[in-house]
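Scroll down for the structure; my scribbles are underneath it.
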Amino acid sequence: MQPLRIGMIGLGTVGSGAARLIQHEAERMQRRAGRPIELRAVAVRDPAKPRPIEIPAERLTTDPMSVVNCDDIDLVVELIGGIEPARTIVLAALEAGKDVVTANKALLCEHGPELFRRARDRGRCIAFEAAVAGGVPIIAALGQSMAGNQTTCLEAIINGTSNFILTEMFHKDQPYAAAVAQAQALGYAEADPAMDVDGTDAAQKLTLLTQLAFGTRVSLESFPIQGIDTIELADLKYADELGYAVKLLATAKLTDGELEMHVQPTLIRRHRPLAEVDGAYNMIALRGDAVGPTWYSGQGAGQMPTASSVVADIIDVAIGRAQLTFPRLDLFEEHTPIPVQPAEKMYRRYYLRFNVDDRPHVMADITDILGRNGISLASVIQHEAPELDEAAGDEPAPVPLVIMTHRATEGNVRQARRELEELGSLRSALVCMPVSD
Ligand code: NAP
Ligand code: HSE
């Protein structure tokens, strides 16, 4: 039996997990793949670094190109992340006649067309299950199991770090910065955690899912992207009081022949499965025209869940399945581009929080602006503030005012925001989040 000989580039959080499965579960791997899987060479930055997995010194190198160009390697597994040198390594591996497994959504989002074209030209394949939603097999689901459907709606929690932070803040009253540090320590965050909390990572994954689900290529610049980095605990608590959970939600849905797309902190009604996804778990809710609604969930970040997807791809290559499905996947080939809906046209409900002076006519000014912009109120919360003793010199303190709207266009909401932000009674920036019922 000819073994599948692997060259791994990167032995960090994900690489060590994948190496552990390959080495410690060799018999299981061989049974599933039909042939032995051997880790022949590993490239790292610092060979002296202590690691949770033992790699013989002669198999460790700091030169990825020596792995890529080695005749004894059949498959290159890229697990260093980022754009360069990952792009150069993947292109060189394909050029050298190797198949590629990668978990790198940033690379695929930015250079997918170039890499996939090169793979097709060279008769090789690129497998990337771990690039979206960690351990959740969503690429296989979309590429194979949902193949008979036209996806009509995709709503997803696909950044484990953000979901972990929101959960820690809400359930444990953990300050934002401490929750970020914990996500990093647990291996959930990207090398630059700003990519997680500013929405970029989720947006990169959404463009890959959109390619598979709708067959259209969308650039990051063409839809609204907002992260959780400005979220306050108060908003998580008000949302809960209203019967909602706040999640970083990535959405792509067909609306009147256009694709409505956004990545934003969103209030999700409590009874929905997406609202119950906590910690580093991810969930993708997909609606197909034949199957109806489906949900895919599991750990979206972390060492072993992500390694599970990397190893699934390795086994697929060992069997020869990836080489068959890759050309059929048609990824990054655009047959019928779907226009992205202009943000101004998006028609949704909104959560608004104001910090305002507690004095006459403030509420009237706010509701006047909303009403004149065609925005109707669904509910209002203003908790009673202590009665002032003006004779004793009490200064009025700002009070939070929370408004849930009925559906309105984003264009109207943006215009109202501009007018609201001019109000002298506003004591801090207005908080505005969409609602998904
Ligand atoms: P990581 O822990 O930072 O590991 C990166 C590895 O790459 C390290 O072993 C590092 O070597 C090595 N490396 C970096 N630059 C190199 C270079 N120029 N030459 C050789 N080796 C180099 O990253 P990670 O969390 O495992 O993430 C890897 C990939 O998986 C990324 O694309 C990420 O987006 C993706 N991913 C991660 C997760 C997750 O939960 N962490 C989940 C899904 C997908 P040293 O160890 O010597 O520094
Ligand atoms: N940093 C990513 C996340 C890893 O938190 O979801 C999985 O892609």
Side-chain angles (χ1 to χ4, degrees), residues 7-20 41-53 55 60-68 76-90 101-110 128-136 138-139 156-167 179-180 182-206 208-209 227-228 248 250 263 277 279-284 298-310 313:
M8 189 176 281
I9 318 293
L11 194 67
T13 303
V14 181
S16 321
R20 194 165 107 195
V42 180
V44 293
R45 210 167 14 197
D46 174 8
K49 201 188 251 187
R51 301 185 191 271
I53 180 95
I55 304 289
L60 214 53
T61 173
T62 54
D63 178 13
M65 286 304 171
S66 70
V67 177
V68 162
V76 170
V77 180
E78 182 278 307
L79 296 172
I80 63 176
I83 305 299
E84 284 296 351
R87 172 180 160 273
T88 304
I89 290 168
V90 170
V101 167
T102 180
N104 194 336
K105 57 269 168 170
L107 178 66
L108 294 181
C109 177
E110 204 164 307
F128 55 97
E129 184 64 76
V132 182
V136 185
I138 188 63
I139 304 299
I157 295 169
I158 39 179
N159 184 261
T161 301
S162 296
N163 207 48
F164 174 82
I165 292 168
L166 291 174
T167 306
V180 175
Q182 207 182 335
Q184 285 179 284
L186 289 166
Y188 301 151
E190 295 303 302
D192 174 6
M195 306 268 289
D196 292 295
V197 297
D198 70 6
T200 306
D201 177 83
Q204 289 169 339
K205 292 167 176 166
L206 181 64
L208 292 175
L209 293 180
I228 60 149
L248 183 66
V263 171
V277 177
Y281 279 77
N282 282 190
M283 180 180 279
I284 299 100
Q299 293 187 69
Q303 184 171 68
M304 295 318 292
T306 312
S308 156
S309 289
V310 171
D313 277 347

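What you see is a predicted model, and the numbers here were worked out from it, not measured in a lab. Both ligands and their constituent atoms are indexed starting at 1 by order of listing.
Residues Glu129 and Ile138 are in side-chain contact: their nearest non-hydrogen atoms beyond the backbone lie under 4.5 Å apart. Side-chain contact check for Val180 versus Ile165: some heavy-atom pair is nearer than 4.5 Å. Side-chain contact between Thr200 and Glu190: absent, with no pair of heavy atoms (C-beta onward) separated by less than 4.5 Å.
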Run Asn159 and Ile228 through side chain to side chain contact (heavy atoms under 4.5 Å, CB included) and show every step you take.
CA-CA 11 Å; Asn159 184 261; Ile228 60 149; over 6 Å; no
I would like to know whether Met304 and Gln299 meet side chain to side chain contact (heavy atoms under 4.5 Å, CB included); could you show each step before the answer?
CA-CA 9 Å; Met304 295 318 292; Gln299 293 187 69; over 6 Å; no
Using side chain to side chain contact (heavy atoms under 4.5 Å, CB included), reason through Arg51 and Leu11 one step at a time and then give a plain yes or no.
CA-CA 8 Å; Arg51 301 185 191 271; Leu11 194 67; 3.4 Å; yes
Full working for side chain to side chain contact (heavy atoms under 4.5 Å, CB included) between Ile89 and Met65
CA-CA 7 Å; Ile89 290 168; Met65 286 304 171; 4.3 Å; yes
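What sits closest to atom 5 (O) of ligand 2 on the protein, heavy atoms only, is Thr161 OG1, 2.6 Å.
Counting the atoms of ligand 2 from 1 in the order shown, those under 4.0 Å from a heavy atom of Lys105 are 4 (C), 7 (C), 8 (O). The ligand atoms of ligand 2 that sit less than 4.0 angstrom from a heavy atom of Gly160 are 3 (C), 5 (O), 6 (O). Near Lys205, meaning under 4.0 Å from one of its heavy atoms, ligand 2 places the atoms 2 (C), 3 (C), 6 (O), 7 (C), 8 (O). Within ligand 2, counting atoms from 1 as listed, the ones closer than 4.0 Å to a heavy atom of Asp196 are 1 (N), 2 (C), 3 (C), 5 (O). The Glu190 neighbourhood of ligand 2 comprises atoms 1 (N), 2 (C), 4 (C), with distances under 4.0 Å to a heavy atom of that residue.
Side chain to side chain, Asp63 and Thr61 fail the donor-acceptor criterion of an N or O pair below 3.5 Å.
Residue pairs meeting the side-chain hydrogen bond (donor to acceptor under 3.5 Å, both in side chains) criterion with at least one member in residues 81-90, sequence neighbours excluded: Glu84-Arg87, Glu84-Thr88, Arg87-Glu114.
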List, pair by pair, the atoms of ligand 1 and of the protein that are both N or O and lie under 3.5 Å apart, giving the separation rounded to 0.1 Å.
{"residue": "ligand 1", "atom": "2 (O)", "partner": "Thr13", "partner atom": "N", "Å": "2.9"}
{"residue": "ligand 1", "atom": "2 (O)", "partner": "Thr13", "partner atom": "OG1", "Å": "3.2"}
{"residue": "ligand 1", "atom": "9 (O)", "partner": "Leu11", "partner atom": "N", "Å": "2.8"}
{"residue": "ligand 1", "atom": "9 (O)", "partner": "Gly12", "partner atom": "N", "Å": "3.0"}
{"residue": "ligand 1", "atom": "11 (O)", "partner": "Arg45", "partner atom": "N", "Å": "3.2"}
{"residue": "ligand 1", "atom": "21 (N)", "partner": "Arg45", "partner atom": "N", "Å": "3.4"}
{"residue": "ligand 1", "atom": "26 (O)", "partner": "Thr13", "partner atom": "N", "Å": "3.2"}
{"residue": "ligand 1", "atom": "26 (O)", "partner": "Val14", "partner atom": "N", "Å": "2.8"}
{"residue": "ligand 1", "atom": "34 (O)", "partner": "Lys105", "partner atom": "NZ", "Å": "2.9"}
{"residue": "ligand 1", "atom": "34 (O)", "partner": "Glu190", "partner atom": "OE1", "Å": "2.7"}
{"residue": "ligand 1", "atom": "34 (O)", "partner": "Glu190", "partner atom": "OE2", "Å": "3.3"}
{"residue": "ligand 1", "atom": "40 (O)", "partner": "Gly187", "partner atom": "O", "Å": "3.3"}
{"residue": "ligand 1", "atom": "40 (O)", "partner": "Gly302", "partner atom": "N", "Å": "2.7"}
{"residue": "ligand 1", "atom": "41 (N)", "partner": "Gly187", "partner atom": "O", "Å": "2.9"}
{"residue": "ligand 1", "atom": "46 (O)", "partner": "Lys49", "partner atom": "NZ", "Å": "3.2"}
{"residue": "ligand 1", "atom": "46 (O)", "partner": "Arg51", "partner atom": "NH1", "Å": "2.8"}
{"residue": "ligand 1", "atom": "46 (O)", "partner": "Arg51", "partner atom": "NH2", "Å": "3.2"}
{"residue": "ligand 1", "atom": "47 (O)", "partner": "Arg45", "partner atom": "N", "Å": "3.0"}
{"residue": "ligand 1", "atom": "47 (O)", "partner": "Asp46", "partner atom": "N", "Å": "2.7"}
{"residue": "ligand 1", "atom": "47 (O)", "partner": "Arg51", "partner atom": "NH2", "Å": "2.9"}
{"residue": "ligand 1", "atom": "48 (O)", "partner": "Arg45", "partner atom": "NE", "Å": "3.4"}
{"residue": "ligand 1", "atom": "48 (O)", "partner": "Arg45", "partner atom": "NH2", "Å": "3.1"}
{"residue": "ligand 1", "atom": "48 (O)", "partner": "Lys49", "partner atom": "NZ", "Å": "2.7"}

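Within the 4.0 Å heavy-atom cutoff, Gly134 does not count among the residues contacting ligand 2.
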